[in-house]
Amino acid sequence: STTLAYPDRRVAAAADLPVNNVSMFNYPDEDSPCYLLRMGEPVPGGVGPDGDIVAYSAFCTHMGCPVQYDGDTRTFKCGCHFSIFDPETGGQMVSGQATENLPRIVLHYDTKTGGVHAVGVDGLIYGRQSNIL
Ligand code: FES
């Protein structure tokens, strides 16, 4: 069988991203919504000039409900069964029904253009047997 490669998709200019606010993009295809988030301080897996830009699948790993970002607690929360995920620790599940961390979108920062690119996924997006279909 063939191993398909992840696409390289430019998702934002690092300079345009406000701290502690999410924006959305789709990756690795149009059926997979993801959150892009700048934390304001360096975090594991973070890219950009400050090492603080991260991205995650928007689908909860429990049963696939969309998670929402809560800027007060700086966590992703799932309203379906109250799982909580921490974007500052690689998407680690903090509490709830899920058994897997939130899939992390692997980012690359292009120092020449200032662009943030999605280049891979660490973890399995909910409902998929493989991230690349
Ligand atoms: Fe998110 Fe159940 S679908 S906690």
Side-chain angles (χ1 to χ4, degrees):
S1 71
T2 307
T3 302
L4 299 173
Y6 280 102
D8 179 327
R9 180 172 299 174
R10 186 182 191 278
V11 293
D16 290 347
L17 297 174
V19 171
N20 203 27
N21 254 306
V22 288
S23 54
M24 297 203 78
F25 64 100
N26 295 321
Y27 189 85
D29 55 55
E30 293 307 311
D31 296 325
S32 173
C34 302
Y35 286 111
L36 185 66
L37 174 60
R38 186 172 163 223
M39 304 306 315
E41 56 193 47
V43 294
V47 305
D50 304 315
D52 65 344
I53 300 168
V54 289
Y56 294 93
S57 170
F59 290 153
C60 179
T61 52
H62 179 224
M63 291 181 71
C65 288
V67 297
Q68 306 290 334
Y69 185 65
D70 174 20
D72 291 336
T73 58
R74 299 167 73 91
T75 58
F76 287 104
K77 293 183 173 177
C78 180
C80 284
H81 317 96
F82 309 109
S83 285
I84 300 175
F85 303 91
D86 184 358
E88 296 181 305
T89 60
Q92 195 170 352
M93 194 193 69
V94 177
S95 66
Q97 301 293 318
T99 55
E100 303 289 335
N101 296 342
L102 206 54
R104 185 175 69 88
I105 310 304
V106 181
L107 300 175
H108 169 72
Y109 177 61
D110 185 332
T111 54
K112 282 189 180 149
T113 65
V116 177
H117 294 243
V119 295
V121 181
D122 181 9
L124 187 60
I125 296 165
Y126 180 81
R128 299 191 175 203
Q129 294 185 324
S130 124
N131 288 328
I132 303 282
L133 303 177

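First listed ligand is number 1; within each ligand, the first listed atom is number 1. What you see below is based on every heavy atom in this structure, not just the backbone, and it leaves out hydrogens, waters and symmetry mates.
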- Message: Donor-acceptor pair, distance only, cut-off 3.5 Å: does the side chain of N20 make one with the backbone of G71?
- Response: yes

- Partner of V47 by side-chain contact (heavy atoms from CB on, under 4.5 Å), out of D52, V54, V119, L107: L107

- May I ask you to decide if the ring planes of Y6 and Y27 are parallel, tilted or perpendicular, using 30° and 60° as cut-offs? parallel

- Query: Under 3.5 Å, side chain of T75 to main-chain N/O of I84, donor-acceptor pair present?
  - Reply: no

- Item | Criterion disulfide bond (SG atoms under 2.5 Å apart) on C65 and C60, from CA distance to verdict | CA-CA 5 Å; C65 288; C60 179; over 6 Å; no

- Message: Would you say the rings of Y56 and F85 are close, in the sense that their centroids are separated by under 6.0 Å?
- Response: no

- One checks atom 2 (Fe) of ligand 1 and counts protein N, O or S atoms under 2.8 Å, reaching 2

